[in-house]
Amino acid sequence: KEERERLTALQPDFSRAEEDQKGEELVLEKIDNEEVKQKIVVTESLGMNKSSEESKNETPPKEEKDQIEELGAKPQPPQFPKEAISKNSGNANKDELSKTYTMKEEKKAPINLKCSLLSHMDTVRGFAFMEKDQLLASISEDCLIKLWNLNKIKQNWESDSIEPYFTLRGHTAPLFTICQSNSTSKEKLLYTAGAEGQIKIGDIPHPSQILSYGPTDGKNGRVGLWNAHEESIWELVVHPTNDVIISVSADASIAMWKVLTIKENLENYNKEEPEKPLKIFTTPGGKKEGQLTPTSACFVPTNPKTMLASYTQPSISQFDIESGKLKGTIEVKLEGTFVKGQQQTNKIVAHNTMEVEIIGMENGANKAYDLKSGALIKSVMAHEGGVNALEQDCLPAGNRMFTGGNDGIVKIWDMRKYESYAQIVTHKKKYDEGLFAICGLPALNM
């Protein structure tokens, strides 16, 4: 009881009128042409205002000093940006040379978890976002496609999770990739593929057409089936303007397909006629001679006739999608030592507005290359483990990049400086793997 009374007596009394004057401010003042001195002006509400020099020279009472030593080290003064220190000449007005910053101005807005979509029974591999209807489709290694109504998230921020409004079935093996028809298409279709080597096309039902707990009449939403590859399909990419789609497979080939309407897909599906690819893109060497196995591919927004592909080996290929011919190759140089498999490129994307391609590698590195010259622009170690996901900024400027890796961390990068300025730690690892996909939701600012 005596100790509690002693500690209570040490607390300042903020009940007086001087309470409005309490707080801390950092005042930066110019002393001469070369030196800048930082002075922390502390105003305490104890019935009088103390100058900075008095606060600097005054030592705390012995009892208060002992209390600070018991609680730990003395708190350090806050650090403020170097830009706050004026570097103007000594002839300028003193008022122009002083700036005041508060701690509140320096605090960045936290990145908070808004909601969790909990329904899959295994690793989630990818997403497709339908902006018009605010719908999200997700795929998983549990062979299921889940459809989510994101309007529920927007209406119920206090809820920590929501349920999918529909589940599409039909796959019999783990799913690895998903994409939707481009913005120019009148029909919104989903394309999914995985370990089966098949591409299955599904129509997206609207939530208003679904009874949450009613019968489905055996409908699975499938409108087409393409027997595309002999082995697993790693990635599907739809062209931003043309009605074509490419598939990247473990059978060492990249195929380009024509996007069909629902009517055309159903006719071929009912006739059991196999869909034939428009073109097959192969790498130099031939399969029998150890041809490179592709891992990822993308179209180039600044040059829609070009396609980029990455492989299990440190190499990037450029193809002309009209002729199918190889235009050029970039050899990826690896720094330091690495073990077998770390030279693999897991993901490749092309910038929306700049002639730049970015790759995410198994050794945890992000590399940016100039598309015209093939020169390396920047190489950074982004994650502790493989980089599996690269997502560009959903804003028109495109100055941000989002990356995800096997360490389960999402990092946000400033593409103007190629520097990471924020990260989100929300995912857990499964064996040696962590985060696989990132999807931007511009309409919800998420």
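Reckoned from all heavy atoms, side chains included, excluding hydrogens, waters and symmetry mates.
Of the N and O atoms on the side chains of Ser296 and Lys347, not one donor lies less than 3.5 Å from an acceptor on the other residue. Counted by atom type alone, Gln134 and Asn151 present zero donor-acceptor pairs between their side chains at under 3.5 Å. At a cut-off of 3.5 Å, with distance as the only test, no side-chain donor of Ser181 or Lys188 sits close to an acceptor on the other residue.
The line from NE2 of His383 to NZ of Lys411 is 5.5 Å long, rounded to the nearest 0.5 Å. Atom CD1 of Ile321 is separated from atom CE of Met307 by 8.5 Å, given to the nearest 0.5 angstrom.
Using the six-membered ring where Trp is involved, His229 and Trp257 have ring planes that are perpendicular, over 60° apart on the 30 and 60° scheme.
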Practice task
Under the side chain to side chain contact (heavy atoms under 4.5 Å, CB included) rule, what do Phe166 and Ile145 come out as? Steps first, then yes or no, please.
Solution key: CA-CA 8 Å; Phe166 197 67; Ile145 307 167; over 6 Å; no
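The local environment of NZ in Lys258 is sparse, with at most 12 non-hydrogen atoms from other residues, nucleotides or ligands closer than 6.0 Å.
Listed for the His351 side chain is a donor-acceptor partner under 3.5 Å among the backbone atoms of Thr353. In this structure, the side chain of Ser119 does not engage the main chain of Pro164 through any donor-acceptor pair within 3.5 Å. Side-chain atoms of Ser116 do not come within 3.5 Å of backbone N or O of Leu118 as any donor-acceptor pair. Looking at Asp142, its side chain does come within 3.5 Å of a backbone N or O of Met121 through a donor-acceptor pair.
Using a 4.5 Å heavy-atom cutoff, the side chains of Thr192 and Ile199 are not in contact.
Using a 4.0 Å cut-off between charged side-chain N and carboxylate O, Lys372 and Asp370 make no salt bridge.
With sequence neighbours left out, the side-chain hydrogen bond (donor to acceptor under 3.5 Å, both in side chains) criterion links Glu355 to Thr302. Partners of Ser323 by side chain to side chain contact (heavy atoms under 4.5 Å, CB included), not counting sequence neighbours, listed by chain and number: Asp320, Lys325.
The residue from Ile358, Thr403, Asn399, Leu390 that alone fulfils the side chain to side chain contact (heavy atoms under 4.5 Å, CB included) condition with Trp413 is Thr403. Of the residues Tyr311, Phe436, Phe176, the one that meets the ring-ring contact (aromatic ring centres under 6.0 Å, His included) test with Trp234 is Phe176.
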